[in-house]
2 protein chains.
Amino acid sequence: MATSAQRPEPHFNAFAVSCPSRRLLDTIGDKWVSLLIVGLGLHGPLRYSELSSLIAGVSQKMLTQSLRRMERDGLVTRTVTPSIPVRVDYELTPLGQSLLEVMCRLKEWAEVHMPQVEAARATYDAATH
Amino acid sequence: MATSAQRPEPHFNAFAVSCPSRRLLDTIGDKWVSLLIVGLGLHGPLRYSELSSLIAGVSQKMLTQSLRRMERDGLVTRTVTPSIPVRVDYELTPLGQSLLEVMCRLKEWAEVHMPQVEAARATYDAATH
DNA sequence: CTGGATCCCAACTGATACTG
DNA sequence: CAGTATCAGTTGGGATCCAG
């Protein structure tokens, strides 16, 4: 008991923990963040409600949370127009766009190799481990 | 109990759910899987215990679980040598190596752009939202 | 030595309700 | 319309024990 209060931050001496690539994975590994990057990249600036309907499966909480993280990381800009119904637009920054390109690389790999992965899974599952 | 059997799989009509890139993220977004790919890619074939000490922060459960997923996905091969103390070697498959290259792309992006991300975070946090 | 099985806690996710 | 707060369900991850 009380051990959880320690938060010892174990001695991860693994090569990649302090590496920036590790942190990047924390970002793009996020389900909604990756979708938002692609969505904003393909459709340009979008309003909060537009994103909400575009992604469709996301809750307000997750949408806001993800956008916040992306804004904090400098991936998107948040523009508030103080009209009567407040209007908020989100747009990919140049940094975000460069990340979009990398994401597309991933997408390309996936499109080419995922069939092999699927096949491997089928074979593995059929082996009834 | 039993509730997990539902697996509702909500009507994600988002563009990327049925897309292979989405599934790829499920794989490489995994903390340990990505580390294992890099580790095996750089050090060649490794034994279970060697991986355990290389990653260091991982528990046996996570290590086994991650290796299982990777084996299932055809990213690594699992070779069992039935010697007296059983010996198990894990090696990256060609498929896994091709993924390693993509991961390196990510790494390169991270090394170049993460400073900007860090700076953006500092600025954002300083704004005391 | 490998790694499967179990228990347990913490974190994340998501639906709903509410506010400016 | 945009966003916050709360609460409940689910999952992930780690320590330990045990089996082959």
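Order of the sequence lines sets the chain letters (A, B, ...), proteins ahead of strands, with each chain counted from 1. Below, each value reflects all heavy atoms present in this structure, side chains not excepted, and no hydrogens, waters or symmetry copies.
The distance between atom CE of M62(B) and atom C1' of dT11(D), rounded to the nearest whole Å, is 11 Å. Straight-line distance from the CZ atom of R87(A) to the P atom of dG3(D): 13 Å, rounded to whole Å. For D30(A) and dT13(C), the CG to P distance is 6 Å, given to the nearest whole Å. Rounded to whole Å, atom C1' of dC1(C) lies 12 Å from atom CG of D89(B). Per the geometry, CG belonging to L63(B) stands 13 Å off P belonging to dA15(D), to the nearest Å. Spacing between atom CD1 of I84(A) and atom P of dG20(C) amounts to 17 Å, rounded to whole angstrom units. E50(A) places its CD atom 8 Å from the P atom of dA2(D), with the value rounded to the nearest Å. Protein atom CG of L46(B) is 16 Å distant from nucleotide atom C1' of dC1(C), rounded to whole Å.
OP1 or OP2 of dG14(D) has at least one side-chain nitrogen or oxygen of W32(B) nearer than 4.0 Å.
Within the structure, the salt bridge (charged side-chain N to carboxylate O under 4.0 Å, His left out) test picks out no pair touching residues 36-61 of chain B (sequence neighbours left out). Residue pairs meeting the ring pair (Phe, Tyr, Trp, His ring centres under 6.0 Å) criterion with at least one member in residues 69-88 of chain A, sequence neighbours excluded, do not occur.
By the salt bridge (Lys or Arg N to Asp or Glu O under 4.0 Å) test, R105(A) pairs with no residue at all, sequence neighbours left out.
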Tabulate protein N/O versus nucleotide N/O from nucleotides 3-8 of chain C, keeping only pairs under 3.5 Å, one per line.
{"residue": "dG3(C)", "atom": "OP1", "partner": "R78(B)", "partner atom": "NE", "Å": "3.0"}
{"residue": "dG3(C)", "atom": "OP1", "partner": "R78(B)", "partner atom": "NH2", "Å": "2.8"}
{"residue": "dG3(C)", "atom": "OP1", "partner": "Y90(B)", "partner atom": "OH", "Å": "3.1"}
{"residue": "dG3(C)", "atom": "OP2", "partner": "Y90(B)", "partner atom": "OH", "Å": "3.1"}
{"residue": "dG4(C)", "atom": "OP1", "partner": "R68(B)", "partner atom": "NH2", "Å": "2.1"}

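Between V86(A) and R47(B), the residue anchored nearer the 5' end of DNA chain C, judged by the nucleotide with its closest heavy atom, is R47(B).
The backbone N or O of W32(B) lies less than 3.5 Å from a partner atom in the side chain of D30(B), making a donor-acceptor pair.
In this structure, the side chains of L67(A) and L51(A) come closer than 4.5 Å at one or more pairs of heavy atoms. In this structure, Y48(B) and T64(B) have side chains that are in contact, with non-hydrogen atoms separated by less than 4.5 Å. Contact of the V88(B) side chain with the V86(B) side chain is registered, since non-hydrogen atoms from C-beta on lie closer than 4.5 Å. At least one side-chain heavy atom of M70(A) sits less than 4.5 Å from a side-chain heavy atom of L36(A).
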Could you pull out every donor-acceptor pair under 3.5 Å between side chains of residues 96-103 of chain B and any protein atom, sequence neighbours left out?
{"residue": "S98(B)", "atom": "OG", "partner": "W109(A)", "partner atom": "NE1", "Å": "3.1"}
{"residue": "S98(B)", "atom": "OG", "partner": "L95(B)", "partner atom": "O", "Å": "2.7"}

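Distance from the side chain of S49(B) is smallest to dT2(C) among dC1(D), dT13(C), dT2(C).
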For DNA chain C, the expected dot-bracket line (Watson-Crick or G-U under 3.5 Å, [ ] crossing, | inter-strand) is ||||||||||||||||||||

